[in-house]
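Note that the numbering runs from 1 along the sequence shown for the chain.
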Amino acid sequence: MSQTTVYLKCTRNAEVTSPDVFLTDIAALRCADNTINAKLKSLKVHHFSSDSCKRFVLSTLKVVELMERACPNITVQIVGETDVLVEWVLADKRKGWRQWLKAALVCMVSFFGTAFTIMAYHNDVGINDVFTEFYRLVMNREPDGLNVLEVSYSIGLAAGIILFFNHVGGRRITKDPTPIEVAMRNYEKDVDMALIETADREGREEEA
């Protein structure tokens with residue numbers, strides 16, 4: 001019989017809410033044969049037991065072995081990642097008052113932490129002395145309380161932060177990802193690679 005080509009594109013990181021992990025949870029498939037395509041999509045590649053670790057690394061070669069065992073007359077072409085980090089996440093962790101409390105705590109830490117950092121930086125560089133001296137040079141007199149220079153600087157600082165982070169409330173200014181989103185994606189990528197390499201070194205990766 002002729003071999004049917006199946007294209008396999010695995011993701012680097014996959015989250016599941018069920019202890020049973022199926023092929024469609026970790027990868028995308030492309031096959032001209034609809035019967036084979038449907039059979040492979042329902043293929044179970046892993047099962048989390050109640051006492052096992054909620055995270056594991058699955059080699060793509062192990063996935064290919066399971067696919068070929070289920071459908072012997074196929075040729076698998078790998079076009080995605082070579083290893084998949086799969087995590088079992090309980091559904092109730094995504095909602096409830098604990099999530100709201102965590103979000104509120106993160107917002108408070110971010111707000112007050114940023115405010116303290118800005119004030120500490122301004123105090124460190126002596127921004128008040130700079131404004132006073134600049135005002136004295138331009139206006140030829142001592143500043144009397146709050147002046148237009150300080151107000152303009154505050155407005156410009158707020159506008160610069162908004163433009164830099166590319167957000168006004170829940171809306172984007174442009175379609176580009178924000179610097180925080182870029183940093184978080186890079187951080188997630190580094191964490192995933194570190195976990196995959198650690199599992200490989202410790203021999204905890206599921207291989208063919």
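In summary, E65 and R69 engage in a salt bridge, as defined by a charged side-chain N under 4.0 Å from a carboxylate O. Between E87 and K54 there is no salt bridge, since none of the side-chain N atoms of the basic residue sits less than 4.0 Å from a carboxylate O of the acidic one. One finds no salt bridge joining R12 and D192 here, because no Lys/Arg side-chain nitrogen approaches an Asp/Glu carboxylate oxygen to under 4.0 Å.
Between the NZ atom in K41 and the CD1 atom in I36 there is a gap of 13.5 Å [rounded to 0.5 Å]. Here the OG atom belonging to S49 is positioned 8.0 Å from the CH2 atom belonging to W88, to the nearest 0.5 angstrom. For the atom pair L157 CG and I118 CD1, the distance stands at 5.0 Å (nearest 0.5 Å). One distance of note links CG of L58 with SG of C10; it measures 7.5 Å at 0.5 Å rounding. K189 NZ to M184 CE: the interatomic distance, rounded to the nearest 0.5 Å, is 13.5 Å.
In this structure a side-chain-to-backbone donor-acceptor pair under 3.5 Å is present from T11 to I26. T60 places a side-chain N or O within 3.5 Å of a backbone atom of E81 that can act as its donor or acceptor partner. No donor-acceptor distance shorter than 3.5 angstrom exists from the side chain of N186 to the backbone of A183, with no hydrogens or angles considered. Within the 3.5 Å criterion, the main-chain N or O of K39 finds a donor-acceptor partner in the side chain of S42.
Under the 4.5 Å side-chain heavy-atom criterion for grouping Ile, Leu, Val, Met, Phe, Trp and Tyr, V148 is not connected to L137 through any hydrophobic cluster. Criterion: ILVMFWY side-chain heavy atoms under 4.5 Å apart, direct or through other members. Under it, V125 and L149 are part of a common hydrophobic cluster. Connection of V79 to L29 is not established within any shared hydrophobic cluster, with ILVMFWY side chains joined at heavy-atom distances below 4.5 Å, either directly or through further cluster members. Cluster annotation: M108 and F111 are assigned to the same hydrophobic cluster (Ile/Leu/Val/Met/Phe/Trp/Tyr, side-chain heavy-atom contacts under 4.5 Å, transitive). The cluster map of Ile, Leu, Val, Met, Phe, Trp and Tyr, joined by side-chain heavy atoms under 4.5 Å apart, puts I127 and M119 in different clusters.
Classified by interplanar angle (parallel below 30°, tilted 30° to 60°, perpendicular above 60°), the ring pair F48/F56 is perpendicular.
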Test side chain to side chain contact (heavy atoms under 4.5 Å, CB included) applied to R136 and R141, step by step = CA-CA 5 Å; R136 187 186 298 116; R141 62 185 177 86; over 6 Å; no
C31/T5 under side chain to side chain contact (heavy atoms under 4.5 Å, CB included): CA gap, chis, key distance, verdict = CA-CA 7 Å; C31 178; T5 302; over 6 Å; no
R30 and L8: CA distance, side-chain angles, deciding distance, side chain to side chain contact (heavy atoms under 4.5 Å, CB included) verdict | CA-CA 7 Å; R30 179 65 179 173; L8 176 69; over 6 Å; no
Evaluation steps, side chain to side chain contact (heavy atoms under 4.5 Å, CB included), between F22 and D20 = CA-CA 6 Å; F22 296 92; D20 293 325; 3.8 Å; yes
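Under the 4.5 Å side-chain criterion, counting only non-hydrogen atoms from C-beta, V16 is not in contact with V89. Side-chain atoms of T132 and E142, non-hydrogen and from C-beta on, do get closer than 4.5 Å to each other. Taking 4.5 Å as the limit, some side-chain heavy atom of I74 sits within range of a side-chain heavy atom of V76. Under the 4.5 Å side-chain criterion, counting only non-hydrogen atoms from C-beta, L195 is in contact with R55. No side-chain heavy atom of T82 sits less than 4.5 Å from a side-chain heavy atom of L61.
With respect to N13, the side-chain contact (heavy atoms from CB on, under 4.5 Å) criterion is satisfied by exactly one of I196, V84, L85: L85.
Taking the ring centroids of H122 and Y153, they lie under the 6.0 Å cut-off.
Contact record, L40 with M67: CD1-CE, 3.8 Å, taken as the closest heavy-atom pair.
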